[in-house]
Amino acid sequence: MYAIGIDIGGMSAKIGLILEDKVVLEERILTRSDLDYREFAEEVGRVVNKLSEKYGVKKAGISSCGIIDSRQGAILYSNNIRWENKHLASDLAERTGLSVCLANDAKCATLAEAVWGAGKAYDRVCMVTLGTGVGGGFVLNKHIEKGSLYADGDGVLGHITVENNGRPCTCGRSGCLEMYASATAIMKTFQEMTMEACSAQEIFKRAREGEPEAKEVVEGFRYYLGEGLVSLANVLRPEVIVLGGGVSGSADMYLDYLNEVVNGKTFGGRFLPVKVVKAKLGNAAGMIGAALL
């Protein structure tokens with residue numbers, strides 16, 4: 001049976017007709033920091049109504065960046081699109097007559113990978129997204145784990161401390177994983193070392209080609225990511241950690257290292273091994289996870 005998955009990001013909202021792990025049809029609506037909420041809800045409602053009428057869809061799910069209250073179906077705060085306390089799930093349900101659920105985007109991606117992707121064979125799945133920042137989620141028995149007061153936030157995993165008195169973080173603390181293992185951090189480290197601005201993708205490419213500075217940056221990145229994953233493994237005890245986001249495109253350069261470190265340093269790792277793998281569903285994970293809600 002078809003469902004509709006809506007994935008709201010800082011640049012666009014993707015609205016997909018989903019059948020199991022496949023995006024059958026997709027439409028996009030541009031988003032921006034000054035986006036009018038009511039105008040956006042009306043446009044999404046129009047697209048959802050068109051799809052539901054044609055394909056007999058009864059359910060829709062929303063994956064959104066920001067701090068989410070899944071129980072209330074509300075976006076409490078989204079820095080990217082400057083919304084606060086927007087009850088998008090109930091507003092969309094009113095406009096479409098569908099059953100609508102809402103969750104944080106990283107948690108939706110985790111759910112998708114747990115049900116249809118790289119975590120399909122496991123009951124305890126942690127996902128870490130390595131992009132502009134570091135986010136992620138945890139899924140137990142194919143269900144999203146909700147945070148305290150049902151508030152979901154994708155940034156929590158990125159704020160594990162991996163370096164005492166390290167780089168100042170936007171959260172107000174210092175030495176957070178996000179400051180060392182995100183694409184932004186990789187670019188910053190390389191620029192500090194070489195005075196050259198370069199994308200994370202290009203830095204990995206240069207490291208692959210043997211450039212010393214790029215190799216040093218990648219080695220630092222994988223060290224800090226490994227330390228962060230050990231902390232996650234000790235607290236959450238996942239069977240598998242799935243790596244997604246843009247930086248995971250170069251995962252072949254550090255997956256073996258991470259598997260060795262995580263299982264070597266996690267308490268009891270010899271008896272309860274954790275597998276670190278690359279995500280399978282790519283940019284469609286948010287829509288697929290939203291449809292699964």
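Along the sequence shown, the residues carry numbers beginning at 1.
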Enquirer: Atom NZ of K22 and atom OH of Y2: how far apart are they, to the nearest 0.5 Å?
Expert: 12.5 Å
Enquirer: Which distance, rounded to the nearest 0.5 Å, do you find between the CE of M127 and the CZ of F138?
Expert: 14.5 Å
Enquirer: In plain terms, say whether D69 and R71 are close enough for a salt bridge, that is, a side-chain N and a carboxylate O under 4.0 Å apart.
Expert: no
Enquirer: Quick one, T189 and R167 - any side-chain contact, counting heavy atoms below 4.5 Å?
Expert: yes
Enquirer: Are side-chain heavy atoms of D7 and C108 found at a separation under 4.5 Å?
Expert: no
Enquirer: When you look at E227 and Y223, which way does the side chain to side chain contact (heavy atoms under 4.5 Å, CB included) test go after all the steps?
Expert: CA-CA 6 Å; E227 294 302 298; Y223 166 78; 3.7 Å; yes
Enquirer: Strictly below 4.0 Å, N to O, side chains only: are E209 and R206 in salt-bridge contact?
Expert: no
Enquirer: Where do L98 and L92 land on the side chain to side chain contact (heavy atoms under 4.5 Å, CB included) test, with the steps shown first?
Expert: CA-CA 8 Å; L98 302 186; L92 191 59; over 6 Å; no
Enquirer: Going by side chain to side chain contact (heavy atoms under 4.5 Å, CB included), name the residues that satisfy it together with R95, two or more places apart in sequence or in a different chain.
Expert: R38, A41, E42, D91
Enquirer: How about CD on E216, more than 12 heavy atoms from neighbouring residues, nucleotides or ligands closer than 6.0 Å, or not?
Expert: no
Enquirer: Taking only residues two or more places apart in sequence or in another chain, which ones pass side chain to side chain contact (heavy atoms under 4.5 Å, CB included) with R82?
Expert: S33, Y77, N79
Enquirer: Which pair of non-hydrogen atoms, one from A89 and one from L102, has the smallest distance, and what is that distance?
Expert: CB-CB, 4.2 Å
Enquirer: Checking side chain to side chain contact (heavy atoms under 4.5 Å, CB included) for the pair V217/I186: CA distance, chi angles, key distance, verdict?
Expert: CA-CA 7 Å; V217 170; I186 292 166; 3.9 Å; yes
Enquirer: Is there a side-chain contact between I62 and I68 in this structure, where contact means two heavy atoms from C-beta onward sitting under 4.5 Å apart?
Expert: no
Enquirer: Measure the spacing between CG of L25 and NZ of K50 and express it to the nearest 0.5 Å.
Expert: 9.0 Å
Enquirer: Which residues satisfy the side chain to side chain contact (heavy atoms under 4.5 Å, CB included) test with T184, sequence neighbours excluded?
Expert: T132, S182
Enquirer: Do N85 and L76 have side-chain heavy atoms sitting under 4.5 Å apart?
Expert: yes
Enquirer: Do R222 and Y257 meet the cation-pi criteria used here (NZ or CZ under 6.0 Å from the six-membered ring centre, within 45° of the axis)?
Expert: yes
Enquirer: Side chains of V218 and F204, heavy atoms from C-beta outward: is any pair under 4.5 Å?
Expert: yes
Enquirer: Let me confirm one number: the CG-CG distance from L293 to L111, rounded to the nearest 0.5 Å.
Expert: 6.0 Å
Enquirer: Hey, mind stepping through V128 and V134 against side chain to side chain contact (heavy atoms under 4.5 Å, CB included) and telling me if it holds?
Expert: CA-CA 7 Å; V128 177; V134 175; 3.8 Å; yes
Enquirer: Nearest 0.5 Å please: distance from the CG atom of L272 over to the CZ atom of R124.
Expert: 10.0 Å
Enquirer: What's the separation between atom CZ in F221 and atom CZ in F190, rounded to the nearest 0.5 Å?
Expert: 15.5 Å
